[in-house]
Amino acid sequence: MRPGPHPLSAGGRGAGRRSADPVLGPALGRAFYDRPTTIVARALIGCRLSRSAPEGLRLGRVVETEAYVARDPANHAFRGPTERNRSMFGRPGTLYVYRIHQVHCANAVTCPGEAVLLRAVEPLTVGLGDARGPGRLCRAFGLTRDDDGADLTTGGLRIFAPDQPSRGPVVRAPRVGIRMATDRLLRFALKGSPYVSSPRPWRTRPVPGNPDRVDR
DNA sequence: TCATTGATTTGCT
DNA sequence: GCAAATCAATGAT
């Protein structure tokens, strides 16, 4: 257990109040994350990821996410809490950052043991590096294991609701880079966005019914 | 303590 | 298209 509030969090002060930015408005609050993970993964598309740093503001629009849910063998929390995934069992809106190979990946925790992987953002501030792919996204925002456990609702890293109508439909596809449960359509992306990651040829799988429907 | 693995990225063929 | 890079978490010994 890490003692006290995470360094990136604002602490207990203002608990229950929406954390607001003078320009971006109110940050997404606890209730946003405290919903079914696929709903949150879909709803995050178009939202703005913000990090206020001494060097200035870093801002990007979320264009690609993946849901990691309960009873999902690809989920790091599948076998219960460990030292690495401890923050996945924190409150909704907790940040879970882990390292894989030489890079970091960032997730927003929804309910305990479930999270949304932030896979790609479209840069909205100049100087934000390429953020196509979870590793590049973390590099662009300077996220490391030190940020694990931060509170996305009050900390220096926050997410804000879309400031404009969606520029296109959200499509679903199989998740990338996993070996288990590769058939599940738990990847969400803004269709046609050039800022979506493409480690493999981006192709959506035909979805029975409405492709925008989020039901599993 | 040792071996295996990986929610990635990059570079070479 | 494919494999190497490279290291910490994890599970077995």
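Per chain, numbering begins at 1; letters A, B, ... match sequence-line order. Remember, predicted model here, so these are calculated numbers, not experimental data.
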Review point. Using a 3.5 Å cut-off on both pairing distances, which stems of three or more Watson-Crick or G-U pairs include DNA chain B?
Key: B:1-6 with C:7-12, B:8-12 with C:1-5
Check your understanding: Atom CZ of A:Arg84 and atom C1' of B:dG6: how far apart are they, to the nearest Å?
Key -> 8 Å
Check your understanding: Is the shortest distance from a Lys or Arg side-chain nitrogen in A:Arg86 or A:Asp148 to a carboxylate oxygen in the other one below 4.0 Å?
Key -> no
Practice item. Start with the C-alpha gap between A:Glu122 and A:Ser193, add the side-chain angles, then the distance that decides, and say whether side-chain hydrogen bond (donor to acceptor under 3.5 Å, both in side chains) holds. Key: CA-CA 8 Å; A:Glu122 168 187 350; A:Ser193 170; 5.1 Å; no
Check your understanding: Taking only residues two or more places apart in sequence, or in another chain, which ones meet A:Arg35 in a side chain to side chain donor-acceptor pair (under 3.5 Å)?
Key -> none
Practice item. Enumerate the residues from residues 96-104 of chain A whose closest heavy atom to DNA chain B is under 4.0 Å, giving them by residue number; use none for an empty result. Key: A:Tyr98, A:Ile100, A:His101, A:Val103
Review point. Could you give the distance from CZ (A:Arg61) to CG (A:Leu190), rounded to the nearest 0.5 Å?
Key: 9.0 Å
Exercise for review: Could you tell me whether A:Asp21 and A:Arg48 have a side-chain N and a carboxylate O separated by less than 4.0 Å?
Suggested key: no
Point to revise | A:Phe141 side chain near A:Leu128 side chain, heavy-atom distance below 4.5 Å | key: yes
Practice item. Report the distance from atom CZ of A:Arg179 to atom C1' of B:dT4, rounded to the nearest whole Å. Key: 11 Å
Check your understanding: Hey, what do you get for NE2 (A:His104) to CG (A:Asp147), rounding to the nearest 0.5 Å?
Key -> 9.0 Å
Review point. For A:Cys138 and A:Val103, what are the C-alpha separation, side-chain angles and deciding distance, and is it a side chain to side chain contact (heavy atoms under 4.5 Å, CB included)?
Key: CA-CA 8 Å; A:Cys138 282; A:Val103 302; over 6 Å; no
**Study point:** Point-to-point distance, once rounded to the nearest 0.5 Å, from CZ of A:Phe188 to CG of A:Leu44
**Key:** 10.5 Å
Practice item. Could you check how far CG of A:Asn75 sits from P of C:dT10, rounded to whole Å? Key: 13 Å
Check your understanding: Is there a chain of hydrophobic side chains (I, L, V, M, F, W, Y, each step under 4.5 Å between heavy atoms) that links A:Leu95 to A:Leu59?
Key -> no
**Study point:** Spacing of A:Arg175 atom CZ relative to B:dT8 atom P, expressed in whole Å
**Key:** 11 Å
Review point. Just how far, in rounded Å, is P of C:dG11 from CD of A:Glu83?
Key: 12 Å
Check your understanding: Where along residues 125-139 of chain A does a heavy atom fall under 4.0 Å from DNA chain B?
Key -> A:Gly133, A:Pro134, A:Gly135, A:Arg136, A:Arg139
Review point. Considering only heavy atoms, which members of residues 106-117 of chain A lie under 4.0 Å from some atom of DNA chain B?
Key: A:Asn107, A:Leu117
Exercise for review: With sequence neighbours excluded, give me every salt bridge (charged side-chain N to carboxylate O under 4.0 Å, His left out) pair touching residues 90-102 of chain A.
Suggested key: A:Arg91-A:Asp151
Check your understanding: Taking the P atom of each, how far is C:dA3 from B:dT5, in whole Å?
Key -> 16 Å
Study note, to complete from the structure: In whole angstroms, the gap separating C1' of B:dT8 from CG of A:Leu118 amounts to 16 Å
Check your understanding: side-chain contact (heavy atoms from CB on, under 4.5 Å) with A:Tyr68: which of A:Thr37, A:Thr110, A:Val109, A:Ile178?
Key -> A:Ile178
Check your understanding: Between atom CZ in A:Arg86 and atom C1' in C:dT10, what is the gap in whole Å?
Key -> 17 Å
**Study point:** Pairwise P distance for B:dT4 and C:dA4, with rounding to whole Å
**Key:** 16 Å
Review point. Should A:Cys105 and A:Ile100 count as side-chain neighbours, where that means a heavy-atom distance under 4.5 Å?
Key: yes
**Study point:** Sidechain-backbone polar pair: A:Asn107 side chain, A:Ala115 backbone, donor-acceptor under 3.5 Å
**Key:** no
Revision key, fill the gap. When rounded to whole Å, the CG to P distance for the pair A:Asp148 and C:dA8 reads 15 Å
